[in-house]
Protein chains: 2
Amino acid sequence: MADVARLAGVSSQTVSRVSTGHPGVVESTRRQVLAAMRELGYRPNSAARALKRGTFHTIGVILFTLSTTGNSRTVEAIAAQAAQEGYAITLFPVAAPTQDGVLGAFTRLGELAVDGIIVIMEVHLLDAVNLTLPPGVQVVVVDSDAGDRYPVVDTDQADGARQAVRHLLDLGHATVWHVTGPAESFSSERRAMAWRTVLEEAGRVVPPVERGDWSAESGYRAGLRLAAEPSCTAIFAANDQMALGVLRALHERGRRVPAEVSVVGFDDLPDATAYLPPLTTVHQDFAEVGRRCVHGLLEQIRDERAEPGTVLVPTTLVVRESTAPPPAPPAHPDSRR
Amino acid sequence: MADVARLAGVSSQTVSRVSTGHPGVVESTRRQVLAAMRELGYRPNSAARALKRGTFHTIGVILFTLSTTGNSRTVEAIAAQAAQEGYAITLFPVAAPTQDGVLGAFTRLGELAVDGIIVIMEVHLLDAVNLTLPPGVQVVVVDSDAGDRYPVVDTDQADGARQAVRHLLDLGHATVWHVTGPAESFSSERRAMAWRTVLEEAGRVVPPVERGDWSAESGYRAGLRLAAEPSCTAIFAANDQMALGVLRALHERGRRVPAEVSVVGFDDLPDATAYLPPLTTVHQDFAEVGRRCVHGLLEQIRDERAEPGTVLVPTTLVVRESTAPPPAPPAHPDSRR
DNA sequence: GGACCCGATGTTTACGTAAACATCCCGTGG
DNA sequence: CCACGGGATGTTTACGTAAACATCGGGTCC
C-alpha cells in the first residue's frame, strides 16, 4: 500500500480510502491512485483488513456430508447468496457424526476467521454438545428443532408430508404406508409424524412403518416387504431415492405402478421425472432455504442480536405419473382383472 | 493474549510460544499458561496470525455448481482432506459460466485469504481468461486438459469409456451407440473420443452421436430417438443420469433391457443399483480425486513450485444387470420371439 | 474583509501475533 | 571461584490496514 501511495504521490491513508470506496476523495486523485494500484498489481490484504476491522466477511458452514442432494443444493445456494453479499464461505466438514466430531468442528471454528456459522445437521447431536460459541459469532441452524434456542431455517417438512398423504387419500386409497428415514433424523421424524397425524385425523388405519436409511437400496428392501402386503395400495416414501428403490421392488414383484400401487416421494430430485414411472413427489426449495439462512445470519451479524424461532420455506406437491386411484375395492377382489 | 500473559504471570511471547506449540517452554510454565487460556476463554486470532505469517492455511475452491454428483463428492473429499491437514476450505461459486464470471471469481480470490486454489470447471473458459494469479498462490485444476500449464487431477475418463465400450463389444454387440454430454465439457469430450477410438480400432461402424446435457431428461429424449433405431442394441451413456433417461425411453417404447438393448452409464451413482434394471456403469473415485487435489496443492504450497502434468485416478467398470449379449442376429429377425 | 466552516488530504496509532534479538540464571569445567 | 554456554523467558518490532485526529486551503457569510 505504501508503494502505491508513493507512486500516486499521496498518503497511504488516501489509498485506503480509495480501496474501501470511502467518500471524500476528489476524482482526479482517485484516478491517480487507481492507476498506481493497477500498475503495481496491488491487492488489499484481507488478513490485515480483518485484523483491523475485527470482522472477516466470512461465514462458516458446518455439515456432516455434501453427498445428499439437499445439503449440496443448500450449500450451493448459501455460497451464491453469500458471494452476492460480499461474504465468503468456509466449509467445515464434521468427520464423524459423533459428539466429539461436532465439538471438534466448533472448536476449530472458534479459532477460525468467521463472523457467523450456519449449521446443517441433525440437532440431537447439537443437544448433546455443550456449545461454546466464540463471542460475537452468530448461528443459524438448518433442519432442526432447536428453534427455541437458535434461529432455524427449514423446509416445511410437515406440510409437504401432509400434502403427499392427503393426495393419496383424496385419490381414494384406504390408507397410506410409509417408508421412513433413519430414526436420528429430524426431517425423517417430522415427515413421519405428519403422515401419522393425517391418517389419524382421517380415521384411517395407521400401518406399521418401514424404516430405511435414505438410500435407494434401503427403499428397495422396504419395497420388497410392502410388495408382499396385498392391502398396500399407496406408499409415501420419505425421500425420492427410497421411492426409487420402492419402484424397483414393486416392478420386480409384478405390482404395477400406479395401476395397483401408488408411490409418492419427497425432495423432487431432478431425476424424478425419469423414474419408471415419473414420480409424484414433494418439491423442496433448497435454494430458498440457503438464501434465507444467509439473509438471517447477516441480519444477526449486523444487528448483533439473535432471535430464536423457525422460518419455514413452503413445499409443493408435484403430481406426476406414479399416483392414481386404487384398484377395485377388496370387496370384489380381482374383479378388474 | 496480553490478558492471558498477565494472569499467568508471563510475557505475551511465552503465551505465543505455548499456543503455537513451540519448544523451549518449561512444563510448569506451560501448564500455567494453558490454565490461564482456559480461564479467559482465549482463542488465537487467525487474522493476526495470517497477517504475521503471511499464510492463511486456507484453500479456495472455484466451481460453477455443486449440483452435480461429481462436484459435490469431490468437494466433500477436498474439504475432509484439507481439514485433516489443518487447512480450511473457502468456496468460490462462479455465478455464470462466462468469461466475466470466472474472471470475477479469480479477482475476488486474489483479494481473498487463500494459499492455494483448486479449480473445478470446464477449462475452455480458463483458456479464454487471462489468469493473473496473485503471486505465491498455487493452483490445481480438476477435469481439464490444462495439464501443460497447471497440475491437473482427474478421473481417467478415457480408460473408463474404453472399458465400457469394450465390455459391450465383448458381449457380442456389433457396435455401440453413444449419448454424449454437452459439447463444452471436457469430460464429455474425452468419453466420446475414447468411445469412437475403440470402435474404430475394432473396425466397427461408428453411429452418429446423440447429444444430451447430462440431465435425465435429455437422456430420455436421446433414448426415444435410439429406441426407434432397430439396429441399436447397445448404448453407452456418458453419465448415469442420462442412462436413467435412456432406460425410461426404452421401457416406454417396449424395448427390453438387457434382453434387446444393453445400456452402460458412467459415474456409478449410489442410486444406480436401484434403476430398472440395476445399471452397469463406470465407477469414479471422486474421493480419491479430492484427496489428490489437496495433496498436490499442499505439496506445491510447501515447495513453492508447480509442475504441470496430469494425475489420473483409475476407473473401474461395475457390471450389473443392464447389459447382456445382443438378441439373435438380424439375419433371422424375430427368430427368438 | 475577516472569521469561520467544511471538504480534501496527511499523520499517528492500534489491531493480535510471532520472529528476532536481548536478558537472565543456572550448571559446568578449567 | 570465575568465565562461559545454553536453556528459559522477556522486550522490541513489524506485518498491512483503517479509524481517529490533525492540517491545510478555499469559499461563504455577515
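Each chain gets a letter, A, B and so on, in the order its sequence line appears, and its residues count up from 1. Values in this document were obtained by computation on a predicted structure and should not be read as measured data.
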N/O contacts under 3.5 Å, protein versus nucleotides 17-24 of chain D?
from	atom 1	to	atom 2	distance (Å)
D:dT17	OP1	A:Tyr42	OH	2.7
D:dT17	OP1	A:Asn45	N	3.0
D:dA18	OP1	A:Arg49	NE	2.6
D:dA18	OP2	A:Ser16	OG	3.0
D:dA18	N7	A:Gln13	OE1	3.4
D:dA19	N6	A:Gln13	OE1	2.8

Protein-nucleotides 26-28 of chain D N/O pairs under 3.5 Å:
none

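The side-chain contact (heavy atoms from CB on, under 4.5 Å) search around A:Ala36 returns A:Val4, A:Leu7, A:Ala8, not counting sequence neighbours. Taking the side-chain hydrogen bond (donor to acceptor under 3.5 Å, both in side chains) definition, one finds that B:Ser188 meets it with B:Thr180, sequence neighbours left out. Residues meeting the ring pair (Phe, Tyr, Trp, His ring centres under 6.0 Å) test with B:Tyr87, sequence neighbours left out: B:His57. Every residue two or more places apart in sequence or in another chain was checked for a side-chain contact (heavy atoms from CB on, under 4.5 Å) with A:Ala35, and none qualifies. Residues passing the side-chain hydrogen bond (donor to acceptor under 3.5 Å, both in side chains) test with B:Glu288 are B:Arg291, B:Arg292, sequence neighbours excluded. Partners of A:His295 under the side-chain contact (heavy atoms from CB on, under 4.5 Å) rule, at least two apart in sequence or in another chain, are A:Glu299. With sequence neighbours left out, B:Glu189 forms a side-chain hydrogen bond (donor to acceptor under 3.5 Å, both in side chains) with no residue at all. With sequence neighbours excluded, the residues satisfying side-chain hydrogen bond (donor to acceptor under 3.5 Å, both in side chains) with B:Asp267 are B:Gln284. By the salt bridge (Lys or Arg N to Asp or Glu O under 4.0 Å) test, B:Arg30 is found to be paired with B:Glu27, residues two or more places apart in sequence or in another chain being considered.
Atom CZ in A:Phe56 sits roughly 10 Å away from atom P in C:dG16 (whole-Å rounding). Atom pair B:Glu27:CD and D:dT9:C1' shows a separation of 16 Å (rounding to whole Å applied).
Between the axis at the start and the axis at the end of the helix from C:dG1-D:dC30 to C:dG30-D:dC1 there is an angle of 50°, using five pairs per end and rounding to 10 degrees.
Using modelled atom types, no side-chain atom of B:Asp115 and backbone atom of B:Thr55 make a donor-acceptor pair closer than 3.5 Å.
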